[in-house]
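Before any comments, here is the structure.
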2 protein chains.
Amino acid sequence: MSTASPRRTAASPSLDTAAWIDAAFEMLAEGGIDAVRVDPLAKRLGVTRGSFYWHFKDREALHQAMLKEWRKRASYQIGSRIESRTSAPDERLKQTLALPNSTPRSKRAAAIELAIRLWAQRDANAAKAVQHIDRVRLKYYAQLFGEMGLAQPEARKRAFMFYATLLARAYVITDADTDVSADLAALLVDP
Amino acid sequence: MSTASPRRTAASPSLDTAAWIDAAFEMLAEGGIDAVRVDPLAKRLGVTRGSFYWHFKDREALHQAMLKEWRKRASYQIGSRIESRTSAPDERLKQTLALPNSTPRSKRAAAIELAIRLWAQRDANAAKAVQHIDRVRLKYYAQLFGEMGLAQPEARKRAFMFYATLLARAYVITDADTDVSADLAALLVDP
DNA sequence: ACGCCACCATACACAAGTGTATGTTGATAT
DNA sequence: ATATCAACATACACTTGTGTATGGTGGCGT
C-alpha cells in the first residue's frame, strides 16, 4: 500500500516536530491552550505518546515551541509585507482590509490568535509574545499612515483603529445585516 | 465563632448557586471554559463535589447557566444605559470610551468575554449568545450615532469601529508608549 | 421534641491524561 | 551484512477529574 508511513524518508531533519506543532495549533484553535494535550494529539496523529516524548521534553515544552512558532509566523507575515513595497500605502491598507475573513483558513488563524490572547492572561511568555506582535503590527500600520502624510500621533491613532477593526472583524460575530466591514476601507483609509 | 458557615441563614433562596457561578466565572477568566471544572471549583469554594451535584445536574449544566448569566449581565449593562437618558449621545459615547480598562475588575470582565468568544468557536449556544450581545451593543451604538445626526449606513459603520476600538482596548496588549486609546474619543465621536 | 429537608460530606467506580522506562523497527552508513 | 540510531510502541505508576449513591447535620415549622 503506497509508501506506508514515511518513518525515515531521507529528507526529514525534524519535519515531524513541525507536524506535532501543526496539530497542536489545531487543538489550540478548538479548545484553547488547555486542550493542547499529549494523548489526544497523539491519537489525532495516529501515533502514541512515545513519539511525543521523543520530540519534546514535556507538555510545557510543546507550548513554548508553539509560542515561538506563532511569533515567527506573525512576524514573518508583517515582514514580508514590508519587503514587498509594490503598491502605495493606502492601497496596501485597503488590501489588508480586503483580506478574506470567512474562509476556514482565516477563521482558524483568528481562533488561534484568540486562544493565545486568552492564554496571555495567565502566562507571562504568551503575554510577551502577544505584546511583541501587537507592537510590530501597530508600528507597521502607523508607518503606512505616516507615508500617507499623517503626523506621528495621528498616524498612531489611525493605526490603532485600523488594527482594532481588523481584530473585530475576526472576533465579533455579525450577521450579514450588520456586517459593514466591507465599507470600512473608505472611512479609515480615505478620510 | 461568629456565625460560622451560613448554611441555612433564613434568606437564601438559591444564593449558593450564584456563588458557584461566580467562582466559575473566575476560572473561566483564567483558563477558558475547559478550566471550569467541578473539583477545582469545589476546592476554591471550600466544599466538596457533593455540593455541586446538588445545585447542578452536571458540568454541562453549569456551563449553560454561565452562558445564561453572561447574557443577562451584558444585556442589563446595555439596557441600563438605554434607560438612563441623562446626557447627550456624544457625551455618552465619550463616557463609554472613558470607562476604565486597567482595573482588575475590567480586566477580568475582558478575560471572561475573551474566553466566551473562544468558546463560541465550537459551542453553538455560546456562539448564539455572543452574536446576540454583539448585535445588541452594535445596535445601541448605531442608535447613538444616529441621534448625533448620522444616516443609518454611516452610523452603522461608525458603531462598528467604535465597538472594535473598545474591544481592542481590552484585548490588545499595548505598552504605555503605544496606548493612544485615550485620544480616540475625538477621532471617533467628534469628526 | 421531632421529623423534614436543604445542603454538604464520604466513598466508590470509572475514564482520561501525564511522565518514565524500556522494548521494537526500519533506514542508513560503513 | 550488521551495528547504529532516529522514531515510535508498550507497559506501568500516578494524578486528576467525573458522576453516582448514600450517609450525615443543622435549621425550621408544627
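Chain letters run A, B, ... following the sequence lines, proteins first, then strands; residues in each count from 1.
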Rounded distance in Å - [atom1] ([X]) to [atom2] ([N]):
| X | N | atom1 | atom2 | answer |
| --- | --- | --- | --- | --- |
| B/H63 | D/dG17 | NE2 | P | 13 Å |
| B/F52 | C/dT10 | CZ | P | 19 Å |
| A/R59 | D/dT16 | CZ | C1' | 12 Å |
| A/D58 | C/dG17 | CG | C1' | 14 Å |
| A/Y53 | D/dA13 | OH | C1' | 14 Å |
| A/E60 | C/dT18 | CD | P | 12 Å |
| B/L62 | D/dG17 | CG | P | 15 Å |
| B/D34 | D/dT16 | CG | C1' | 15 Å |

Margin query: Starting the side chain at C-beta, find the nucleotide from C/dA6, D/dC8, C/dT18 nearest to B/W54.
Written below: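 Of C/dA6, D/dC8, C/dT18, C/dA6 is nearest to the side chain of B/W54.
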Next item on the list: Check each residue of residues 39-49 of chain A for a non-hydrogen atom within less than 4.0 Å of any atom in DNA chain C, then write out the ones that pass by number, or none.
Entry: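 Per residue number, the list reads A/D39, A/P40, A/K43, A/R49.
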Next item on the list: Could you pick out which residue, A/R37 or A/G50, lies toward the 5' side of DNA chain C when each is mapped onto its nearest nucleotide?
Entry: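 Result: A/R37.
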Note to self: Taking ring pair (Phe, Tyr, Trp, His ring centres under 6.0 Å) as the cut-off, I'd like each qualifying pair that reaches into residues 32-52 of chain A, sequence neighbours left out, listed once.
What the structure shows: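 The answer is A/W20-A/F52, A/F52-A/F56.
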Margin query: Listing request: all ring pair (Phe, Tyr, Trp, His ring centres under 6.0 Å) pairs with a residue in residues 89-129 of chain B, at least two apart in sequence or in separate chains.
Written below: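 Qualifying pairs: B/H63-B/W119.
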Notebook entry, point to check: Counting heavy atoms not belonging to A/K107, are there more than 12 under 6.0 Å from its NZ?
Noted result: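 Count not over threshold, so no.
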Check: Which residues satisfy the salt bridge (charged side-chain N to carboxylate O under 4.0 Å, His left out) test with A/K72, sequence neighbours excluded?
Finding: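 Checked A/K72 against salt bridge (charged side-chain N to carboxylate O under 4.0 Å, His left out); matches are A/E69.
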Check: Under the salt bridge (charged side-chain N to carboxylate O under 4.0 Å, His left out) test, which residues partner B/E113, sequence neighbours left out?
Finding: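 By the salt bridge (charged side-chain N to carboxylate O under 4.0 Å, His left out) rule, B/E113 matches B/R117, B/R137.
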Notebook entry, point to check: Charged N to carboxylate O under 4.0 angstrom, B/R73 versus B/D22?
Noted result: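 Answer for the salt bridge query: yes.
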N/O donor to acceptor pairs below 3.5 angstrom from side-chain atoms of residues 33-46 of chain B, sequence neighbours left out:
| unit_1 | atom_1 | unit_2 | atom_2 | d |
| --- | --- | --- | --- | --- |
| B/D34 | OD2 | B/R122 | NH2 | 3.3 |
| B/R37 | NH1 | B/D34 | O | 2.3 |
| B/D39 | OD1 | B/R49 | NH1 | 2.6 |
| B/R44 | NH2 | B/E30 | OE1 | 3.4 |

Margin query: If the cut-off is 4.0 Å, is B/H55 near the phosphate of C/dA6, judged by side-chain N/O to OP1 or OP2?
Written below: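 No, B/H55 has no side-chain N/O under 4.0 Å of OP1/OP2 on C/dA6.
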